[in-house]
Amino acid sequence: MTYPILNLSKTLTHLDLLAMKQRGEKISCLTAYDASFSALIDAAGCDVILVGDSLGMVIQGNSTTLPVKIEDMIYHTRCVTKTCKRALVVADLPFMTYDTLENAAKNAARLIQDGGAQMVKLEGAKIEIIEFLVAQGISVCGHLGLLPQFIHQLGGYKVQGKFADAAEKLLADALEIQNAGATMLVLECVPAELAKQITEKLTIPVIGIGAGKCCDGQVLVVYDMLGISTGKRPRFSKNFLTDTNSIESALKNYSIAVKNGKFPTEAHSF
Ligand code: KIV
């Protein structure tokens with residue numbers, strides 16, 4: 001097993017992630033919601049920590065992400081940024097907190113000023129909102145494919161972009177999000193071939209979850225990859241704790257597997 005050399009002396013920026021894409025180096029990302037996991041994930045060499053609104057499910061025990069409030073996100077983002085030294089921290093804007101330009105700017109500012117996040121993530125091709133946030137100096141990560149905040153419209157946690165028209169729309173949306181000034185994109189639950197095309201077309205890093213091995217990086221919900229989430233583990237995830245006896249090495253093995261292109265395999269893809 002080859003261990004990548006880590007530069008633990010500075011906090012990564014979106015420019016470092018861009019340079020990694022350009023060099024063909026994979027980006028590893030995990031979710032975290034508290035100071036202890038943040039420190040462990042950071043020390044394991046993950047490049048990005050996502051304070052996802054998945055906390056509504058794995059921390060708060062809800063069946064969707066919809067009940068998560070901006071105060072919850074600020075609280076958990078602040079816990080994470082207190083102990084994260086190297087990884088870039090991205091925080092989710094929760095459901096209905098970016099319904100207008102003013103709300104988006106106000107709530108993104110709270111995640112940055114009160115939470116300490118470097119970038120905010122929002123779901124869907126909200127082009128005007130992204131342009132507005134970028135114009136205020138806020139770094140934005142887009143999120144396309146399966147959008148958990150749209151779960152009632154989608155009718156379930158299903159693979160998106162399977163048919164030609166939906167695939168074309170996803171590619172067009174991804175380009176528009178990039179043109180609006182987003183500096184990263186998360187692609188969730190889309191066919192691996194479509195994710196490959198989008199990753200090749202975009203100049204910004206594309207981080208996949210259930211989107212195959214050709215994305216520039218991978219993200220998983222940390223509780224899923226440690227096998228401690230309640231309910232069924234999604235097909236695209238893998239329990240990294242089964243092959244080792246410590247959380248630290250499970251996190252490190254995940255980051256290495258992403259960087260060496262060993263995760264995800266076809267078994268974790270659509
Ligand atoms: O909320 C979250 O954890 C996410 C990831 C699943 C990408 O958005």
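Remember, it's 1-based here, ligands and their atoms both numbered in the order they're listed.
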At what distance is the nearest protein heavy atom to [atom], and which residue and atom is it?
atom: atom 3 (O) of ligand 1; answer: Ser54 OG, 2.5 Å
atom: atom 8 (O) of ligand 1; answer: Lys121 NZ, 2.8 Å
atom: atom 7 (C) of ligand 1; answer: Leu50 CD2, 3.7 Å

Would you mind running through ligand 1 and noting each atom that sits below 4.0 Å from a heavy atom of [X]?
X: Thr31; answer: 3 (O)
X: Asp92; answer: 1 (O), 2 (C), 8 (O)
X: Gly52; answer: 1 (O), 2 (C), 3 (O)
X: Ile209; answer: 6 (C)

Expected output: side-chain Asp16 to main-chain Thr13 donor-acceptor under 3.5 Å: yes
Gln218 side-chain N/O to Cys29 backbone N/O, donor-acceptor pair under 3.5 Å: no
Whether Tyr33 and Tyr223 hold their rings parallel, tilted or perpendicular, with breakpoints at 30° and 60°: perpendicular
Sub-4.0 Å heavy-atom contact, His143 with ligand 1: yes
Sidechain N-carboxylate O distance under 4.0 Å for Lys121, Asp92: yes
Heteroatom proximity flag, Tyr33 to ligand 1, N/O under 3.5 Å: no
Among Lys26, Lys21, Arg86, salt bridge (charged side-chain N to carboxylate O under 4.0 Å, His left out) partner for Asp47: Arg86
Common cluster, Met57/Val51, ILVMFWY with side-chain heavy-atom separation under 4.5 Å: no
Minimum-distance pair of heavy atoms, taken over all atoms of Thr81 and Gly115: OG1-O, 2.7 Å
